Amino acid sequence: MSAAPGKRQATPPAAALGVAPALAARLAKLGLNSRFDLILHLPLRYEDETRVTPIAALVDGAFAQVEGVVESAEIQYRPRRTLLVRVGDGSGTLHLRFLNFYGSQVRALVAGKRLRVAGEARSGYFGAEMIHPRTREVAAGAPLPAALTPVYPTTAGVGQAVLRKAIVAAIAAARDDNALDDTAPAIPGHDLVPFAQAVEALHFPRPGDAVGRDPAAWRRMKFDELLAQQLSLKRAYRSRRSARAPAIAAPPADAADALEARLIAALPFGLTGAQARAFAQIGRDLAGAHPMRRLLQGDVGSGKTVVAALAACRAIDRGFQAAFMAPTEILAEQHHRKLSAWLAPLGVKIAWLAGGLKKRDKDASLAAVADGTAQLAIGTHALFQDRVRFQRLGLAIVDEQHRFGVDQRLMLSRKGAAAAEAPYLPHQLMMSATPIPRTLAMTYYADLDVSVIDELPPGRTPVATRLVAEARRDEVVLRIRAACQSGRQAYWVCPLIEESESLELKTAVETHARLSAALPDLAVALVHGRMKPAEKAKVMDDFSRGIAQVLVATTVIEVGVDVPNASLMVIEHAERFGLSQLHQLRGRVGRGTHESVCILLYQTPLSEAARARLKVIYGSSDGFAIAREDLRLRGPGEFLGRQQSGAPLLRFASLEEDLDLIEAASACADAMLAADDPRVARHLERWLGAREAYLGV
Ligand code: ADP
Ligand code: MG
């Protein structure tokens, strides 16, 4: 982990790429910073320029290459300014049309020039035509390329020809240096070709090679990519095992005066078996001298907070500070309220830190955290900004960890190390209600230990889910009235409008007005993302104390809000939400002993995809099954946090299709690390380069 994470090199040394500095800067924008970045920039598809097709034999809609002589070229002004070039090859005439063109093109495409023209043929009004084809002047009899022409992913500013040239040069240079050798041991039984062969097959496929879709070459690339990820995560895991953390021992089993024992005695409920098991696992990690990095995973409502509170008690009891971080102000505020209610009566001193604090209050909190007066600090990511100094941070708890960006998690994991008298890293407990499917657990989360709470507290009634067409909205409003009249409360979640936050806000305000008018005998409150933290807190407080009966909300309530008396949830335009998001939202009800209902209002007509999604959520209340479906439908992005800037997502391997390769790569990484294989460093350099710092955060 040498490069400073968060600060990627602005301009890579052009020498490393073997190109001019200006081009190097443009390649860097594509994430291409090293020779191997170029070599591993694999084509999206291929075009066949190894053959020339007679104009008379062109097939409508098919890619083809034609060779002929320009017969005429003219600029037309109607209906649009167009450069029209006619090319003939003896078999017929092809019309080339350029809508946006440069003076240089006009000069290059003049009568008499011999051209190779490549593009998609169409049969137009005047006969065969191509819109914006690639053209190249050639001498008669010039040889045709022997390999298919790769088409690389690129952005404006770096053309195919330039990119291709840089890649070809990088491959040639690596070949000369004998640097294309395998950096992994042979893996029998997985149909992998040597790396060098895969590079050749994918960048320069010979015509007929199933148009470049050589499966063995792709499998080699996927395997190597997965191996790099495995090596990197496993190495992070090992290096953490060699770092120091405060050993926080459990109190004697019969110590009734221990903080945790007093909390358990004060709780109005007993722990579930799953909660007790998870706490025991955490306790074992805390007692070790190496930093814990444990993910506490449990479906919404499974009771993760109290387990975290017990872990905090243990740290505090031994004289360490604990920190509790939540991704939103609302959630942090709620934890603050709940943990204060549990722990303040036991004498624990708690500091509150969030973005919206008045300067005086913030300074007081900072001082208490710094001098150790505060034993527990609760807040948003404000907790882990540079200005915050802990006196003796022993345990950092992160709720809804997948909501935090990589950079924030990295900042957190370094926090303890910065404390003056504490040359150790704090233990870390992360919580998530988003279950991680097995393939993800094996890949992106391979360096975490996981505890699962697989049991809900007793007495919960499962949430009944109803799909209701938007046209029946009035009936839904009546249902809300009935629920509230019998003493319950209700959420109304406004549609997610990804394109426009202000439109989302407007809808929420209108919905609030309409519901207030339709339910004059009820107190209808509104909460949305643009409110000031103090306003939000007030609204949430009113709702949790039953002063407001209906809460109209944008998706800000998605995570973690806990109001057990709320038994009805309406989600408007449910078809716009992702599956895990719907599951999280639905988890806001069914937290008390009352029969709970979640109504998914949808707009007709439904697309096939939306129908499929709603069916999944209707048919299942199992977070794991839902997460698996979500992963299948939307890919891993949603699980990995919102701002994975620079985190190397897998580009080639697929979590769905390549389970066998994931398993093989995991085993191979273990073997290589155990044997101290010198190829480890080369493999990581080849595949990750400077990106490695982002893994294992
Ligand atoms: P989540 O896992 O979604 O964060 P919470 O920690 O917010 O869930 O817990 C959900 C609700 O269940 C809270 O009101 C909490 O006090 C309650 N709870 C937690 N553990 C138990 C238990 N063992 N028995 C009964 N209620 C519990
Ligand atoms: Mg929670």
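Quick caveat: nothing in here was measured; it's all calculated off a predicted structure. Counting starts at 1 for both ligands and their atoms, following the listed order.
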Asks: For the 3.5 Å polar cut-off, considering only N or O atoms, please tell me whether P458 and ligand 1 meet it.
Replies: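 P458 vs ligand 1: no N/O contact under 3.5 Å.
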Asks: Show me which atoms of ligand 1 lie under 4.0 Å from any heavy atom of R591.
Replies: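 This gives 3 (O), 7 (O), 10 (C) as the contact atoms.
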Asks: List every atom of ligand 1 that sits less than 4.0 Å from any heavy atom of T272, numbering the atoms from 1 in the order shown and giving each element.
Replies: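 Going through ligand 1 atom by atom, the ones under 4.0 Å from T272 are 23 (N).
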Asks: Does only the side chain of M431 get under 4.0 Å from ligand 1, or the backbone, or both, or neither? Count heavy atoms.
Replies: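 It is neither; nothing of M431 touches ligand 1.
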Asks: Between Q281 and S451, do the side chains contain a donor N or O and an acceptor N or O under 3.5 Å apart?
Replies: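 S451 vs Q281: donor-acceptor pair found between side chains.
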Asks: Hydrogens and angles aside, do S432 and K304 bring a side-chain donor and acceptor to less than 3.5 Å of each other?
Replies: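 There is no such pair (donor and acceptor under 3.5 Å, judged by atom type) between the side chains of S432 and K304.
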Asks: Are any of the N or O atoms of G301 closer than 3.5 Å to those of ligand 1?
Replies: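 Indeed, backbone or side chain, G301 has an N or O that close.
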Asks: Suppose I only count heavy atoms of T305 and a 4.0 Å limit; which atoms of ligand 1 are within that range?
Replies: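 Atoms satisfying the 4.0 Å criterion: 4 (O), 5 (P), 6 (O), 7 (O).
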Asks: As a check for students: among G303, A309, P268, identify the option with a heavy atom nearest to atom 8 (O) of ligand 1.
Replies: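 Closest candidate by heavy-atom distance is G303.
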Asks: Do the charged groups of R337 and D541 touch, with an N to O distance under 4.0 Å?
Replies: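 Salt bridge between R337 and D541, a charged N being under 4.0 Å from a carboxylate O: yes.
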Asks: Check the pair H335 / D399 against side-chain hydrogen bond (donor to acceptor under 3.5 Å, both in side chains), numbers first and verdict last.
Replies: CA-CA 10 Å; H335 282 316; D399 197 16; 2.6 Å; yes
Asks: Keeping the roles fixed (side chain from Q321, backbone from V369), state whether a donor-acceptor pair exists under 3.5 Å.
Replies: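 Side chain of Q321 to backbone of V369, a donor-acceptor pair under 3.5 Å: yes, one is there.
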Asks: Nearest non-hydrogen contact with atom 15 (C) of ligand 1 belongs to which option: Q297, Q584, K338?
Replies: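 Result: the heavy atom closest to atom 15 (C) of ligand 1 is in K338.
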Asks: For the residue pair W352 and H336, does the interplanar ring angle fall in the parallel (under 30°), tilted (30 to 60°) or perpendicular (over 60°) class?
Replies: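 Parallel: the ring planes of W352 and H336 meet at under 30°.
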Asks: Report yes or no: does a heavy atom of G298 sit under 4.0 Å from some atom of ligand 1?
Replies: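 G298: no contact with ligand 1 (<4.0 Å).
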Asks: Is there a nitrogen or oxygen of G270 sitting under 3.5 Å from a nitrogen or oxygen of ligand 1?
Replies: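 Yes, at least one N or O pair falls under 3.5 Å.
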Asks: Is Q275 close to ligand 1, meaning an N/O of one under 3.5 Å from an N/O of the other?
Replies: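 There is such a contact, yes.
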Asks: Taking the side chain as every heavy atom from C-beta outward, state whether K362 and L353 have any atom pair closer than 4.5 Å.
Replies: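 Yes, their side chains come closer than 4.5 Å.
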Asks: Between R613 and E629, does any side-chain N to carboxylate O distance fall below 4.0 Å?
Replies: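 Salt bridge between R613 and E629, a charged N being under 4.0 Å from a carboxylate O: no.
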Asks: Heavy atoms only: which of P457, A433, A274 lies closest to atom 25 (C) of ligand 1?
Replies: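 The option holding the nearest heavy atom is P457.
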